[in-house]
Amino acid sequence: MTSLLCITIISLILVASAYSQVTSSPPPLQVKVFADLGSNVTLPCRLLDKDTVSFGSIGVRVKWTKVAHDEALNEDVLLSMGFHKKTYGSFEDRVFLQELDNEDATLVITDVSMEDTGKYRCEIINGMEDTIQEVMLEVRGGLIDGVVFPYSPYSGRYNLNFDDAVQACMEQDAVVATHDQLLEAWKGGLDWCNAGWLSDGTVQYPITVPREPCGGSNNGPGLRSYGRRNKMSRFDVFCYSPEFKGRFYWLVQPDRLTFDEAVQACLDDGAEIAKVGHMFSAWKLEGYDRCDAGWLADGSVRYPISRPRKNCSPTEAAVRFVGFPDKSQKSYGVYCFKAEQ
């Protein structure tokens, strides 16, 4: 009886000890890393217990994951087991392990994009021993060398889910803007009453002149936010476009053009029909000003005004939007873009 009691007491002590180790285990280590758009970045992760076998050994696994707000939407980035390594999705052939020594599981991401912004989890799995570390990556686009602009497609306002928004910006040679980029654009005077996607999955819009239809006249100037939204919801998007290396210009023509004629006219001039991002970049960064409505590559018609005047945007400097007219109309000229060789 005494022996049985001793065994029971010892078992309880062992269970309590194990429970204590589980409940008191420290949370994952977290660090924050910044990177510039288009650069390479290292996300640090190391094997903390030097007494364990290094992750390069057979049976030890390293897994990098990009963590979503909803864990069910997490993205696999890289999986390593011994000499076998695999990369996934948009990270394929763009990431690798640094491996400076046997404890180094640092991830290197090349050609960083705005969509790389977010939380990353490093897991080093060695039998019963796991090391988990988390890294927050913030990609900075360098607003000083670019411009943020609102965009809605041919189908009209509030017709872009998040994936559509990413694609729409890409088609304008741009990326979805970050919160910080929109904030800087607002500080620079951007005022827009339509809500648009940002790269972190939130939906916001910038207001410099408070008014009733745009969040109320009693609320001060600033960014109005709908918070993080379901990515299948539909809004507009704010795109970030870098300063382009090339020449944006109005193509002088004797006659007005259809859309197809406009595309061909730019090609005949050794250029391409300009994109919306080209126009916003030239207008914001170079002060480009012209009161002629012209075709752009997405089928829209717009014109950039830096000097407000009668009949040409009398109250504000802006890129004026005419619309998406019938492409067979011979009512407009064309803006072209010739990249630097």
Side-chain angles (χ1 to χ4, degrees), residues 114 141 143-144 146-162 164-166 168-169 172 174-241 276-277 279-293 296 298 300-325:
M114 287 298 174
L143 249 185
I144 195 168
V147 61
V148 169
F149 61 94
Y151 188 80
S152 57
Y154 173 81
S155 52
R157 284 182 54 191
Y158 295 170
N159 270 293
L160 299 171
N161 63 35
F162 184 79
D164 294 336
V166 171
C169 289
Q172 300 308 315
V175 295
V176 180
T178 67
H179 172 272
D180 287 347
Q181 288 171 339
L182 184 64
L183 180 62
E184 289 301 313
W186 168 75
K187 291 177 181 178
L190 181 62
D191 183 286
W192 196 257
C193 200
N194 293 356
W197 289 106
L198 296 180
S199 64
D200 61 359
T202 62
V203 174
Q204 305 188 41
Y205 61 101
I207 295 297
T208 57
V209 181
R211 49 205 186 274
E212 280 305 322
C214 306
S217 57
N218 293 328
N219 291 325
L223 297 187
R224 309 279 195 258
S225 177
Y226 290 174
R228 195 177 301 275
R229 310 297 290 185
N230 183 309
K231 290 190 175 181
M232 294 308 296
S233 302
R234 294 183 177 273
F235 297 93
D236 291 346
V237 63
F238 289 97
C239 300
Y240 168 81
S241 178
V276 177
M279 178 175 283
F280 270 95
S281 183
W283 165 74
K284 186 69 174 180
L285 304 177
E286 301 172 13
Y288 195 97
D289 180 285
R290 190 169 186 104
C291 197
D292 291 294
L296 294 177
D298 66 340
S300 67
V301 172
R302 308 172 195 247
Y303 60 98
I305 297 298
S306 295
R307 295 178 290 103
R309 54 199 185 276
K310 187 178 180 180
N311 301 327
C312 297
S313 185
T315 61
E316 63 176 347
V319 170
R320 307 306 299 184
F321 175 63
V322 176
F324 287 91

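- Residue pairs satisfying the salt bridge (Lys or Arg N to Asp or Glu O under 4.0 Å) criterion with at least one member in residues 213-222, sequence neighbours excluded, are absent.
- In this structure, Gly216 and Pro210 approach most closely via the heavy-atom pair O-CB, 4.0 Å.
- Distance check, rounded to the nearest 0.5 Å: OG of Ser233 to CG of Leu160 gives 12.0 Å.
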Apply side chain to side chain contact (heavy atoms under 4.5 Å, CB included) to residues Trp186 and Leu223 and explain how you reach the verdict.
CA-CA 8 Å; Trp186 168 75; Leu223 297 187; 3.9 Å; yes
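- From Arg290, atom CZ reaches atom CE of Met279 across 11.0 Å, with rounding to the nearest 0.5 Å.
- Atom CG of Asp236 sits about 6.5 Å away from atom CZ of Arg157, to the nearest 0.5 Å.
- Salt-bridge formation is not detected for the pair Lys231/Asp164: no Lys NZ or Arg NE/NH1/NH2 atom is positioned less than 4.0 Å from an Asp or Glu carboxylate oxygen.
- For an aromatic pair to be called close, the ring centres must be under 6.0 Å apart, and Trp197 with Phe162 satisfies this.
- Of the residues Cys169, Ser300, Ser241, Cys239, the one that meets the side-chain contact (heavy atoms from CB on, under 4.5 Å) test with Val276 is Ser300.
- Listed by first and then second residue, the salt bridge (Lys or Arg N to Asp or Glu O under 4.0 Å) pairs that reach into residues 193-206 come to none, sequence neighbours excluded.
- Residues passing the salt bridge (charged side-chain N to carboxylate O under 4.0 Å, His left out) test with Arg229, sequence neighbours excluded: none.
- A heavy-atom distance below 4.5 Å is found between the side chains of Leu190 and Leu182.
- Across all their heavy atoms, Phe238 and Gln204 have their closest contact at CE1-O, 3.1 Å.
- The list of ring-ring contact (aromatic ring centres under 6.0 Å, His included) pairs with a residue in residues 204-228, not counting sequence neighbours, reads Tyr226-Phe235.
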For residues 147-154, dump all side-chain donor-acceptor pairs below 3.5 Å to protein atoms at least two apart in sequence or in another chain.
{"from": "Tyr151", "atom 1": "OH", "to": "Asp298", "atom 2": "OD2", "distance (Å)": "2.6"}

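- Side chains of Val176 and Val237 form a contact here, defined as non-hydrogen atoms less than 4.5 Å apart.
- At least one donor-acceptor pair closer than 3.5 Å links the side chain of Arg309 to the backbone N or O of Arg307.
- Closest non-hydrogen pair, Ile305 versus Arg320, comes out as CG1-CG, 4.3 Å.
- In this structure, OH in Tyr303 is found 10.5 Å from CG in Asp289, a value given to the nearest 0.5 Å.
- A distance-only check finds no donor-acceptor pair linking the side chain of Tyr288 to the backbone of Ser306 [under 3.5 Å].
- When every heavy atom of Cys193 is checked against every heavy atom of Tyr158, the shortest pair comes out as O-OH, 4.3 Å.
- Panel note: side chain Asn161, backbone Arg234; no donor-acceptor pair is recorded below 3.5 Å.
- The nearest pair of heavy atoms linking Ala293 to Val322 is CB-CG2, 3.9 Å.
- Looking at Gln181, its side chain does come within 3.5 Å of a backbone N or O of Thr178 through a donor-acceptor pair.
- Contacts classified as salt bridge (Lys or Arg N to Asp or Glu O under 4.0 Å) and involving residues 211-225 (residues at least two apart or in different chains) are given here: Asp191-Arg211.
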